[in-house]
Amino acid sequence: MLFHGLSLGLVKAGFAPQRINTIATVHLDTENLRISAIDLDTKAQVPGINEQQFLRLAEWAKTNCIVSQALLGTEIRLQARLVEAAR
Amino acid sequence: MLTRTADAVWEGNLRDGKGEMKVGSGAFDGPYTFASRFESGKGTNPEEVLGAAHAGCFSMAFRSAW
């Protein structure tokens, strides 16, 4: 059961991203021997979407992705950048 | 239900021993040590492998939102 931004009216016209690049930074606390947080920094070029819609979809993915769900005990932080298309 | 596997071996002491992590598909096979995990030694570590898993999963989930 996948979430579809289009069917829920979050994404109107426009296209889906051709390429999504995500960097994960895992913060390892060596004193307490635990992962204190994981930062996800993602960027994509998506024509025809506004920044607010883009961020809502990114937040949804951050919360619901299979690995995030397996890591519910870990703080996960998100930075999502909508790259402007070249003119 | 799918199953995915990984296989790790550690040999020797914690501080000067060494290990290897492999994934079932054969796509990744990385040596690791105490230094590569907790200091800045050469080799991989569980945390960066976890990061790859998370970044990969997130990227697919984000794409699926369209």
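Every chain is numbered from 1, with letters handed out A, B, ... down the list of sequences.
- Residues of residues 69-80 of chain A lying under 4.5 angstrom from chain B, judged on non-hydrogen atoms, are A:L71, A:I76, A:L78 by number.
- Heavy atoms from other residues, nucleotides or ligands lying under 6.0 Å from CD of B:E39 number more than 12.
- Both B:V23 and B:M21 belong to a common hydrophobic cluster when Ile, Leu, Val, Met, Phe, Trp and Tyr are linked at side-chain heavy-atom distances under 4.5 angstrom.
- For A:P17 against B:R63, the heavy-atom pair with the smallest separation is O-NE, 3.4 Å.
- Closest approach of A:W60 to B:A61, counting heavy atoms only: CZ3-O, 3.5 Å.
- Heavy atoms only, all atoms of each residue included: A:L57 and B:F62 are closest at C-CE1, 3.7 Å.
- Of all heavy-atom pairs spanning B:A55 and A:A24, the tightest one is CB-CB, 4.0 Å.
- Within the 4.5 angstrom heavy-atom criterion, atoms from both the backbone and the side chain of A:V67 approach chain B.
- Counting only residues at least two apart or in different chains, side-chain hydrogen bond (donor to acceptor under 3.5 Å, both in side chains) contacts with residues 45-54 of chain B comprise A:S68-B:H54, B:R37-B:E47, B:T44-B:E48.
- When the side chains of ILVMFWY residues are joined at heavy-atom separations under 4.5 Å, either directly or via intervening members, A:L82 and A:L40 end up in a single hydrophobic cluster.
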B:F58 and A:T42: CA distance, side-chain angles, deciding distance, side-chain contact (heavy atoms from CB on, under 4.5 Å) verdict = CA-CA 9 Å; B:F58 172 87; A:T42 193; 3.5 Å; yes

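- Interface check for chain A: of the options B:G56, B:G51, B:A53, B:C57, the most heavy-atom pairs under 4.5 Å are formed by B:C57.
- Of the two parts of A:I66, the backbone and the side chain both hold a non-hydrogen atom closer than 4.5 Å to a non-hydrogen atom of chain B.
- Both A:L28 and B:L14 are part of a single hydrophobic cluster, where members link through side-chain heavy atoms under 4.5 Å apart.
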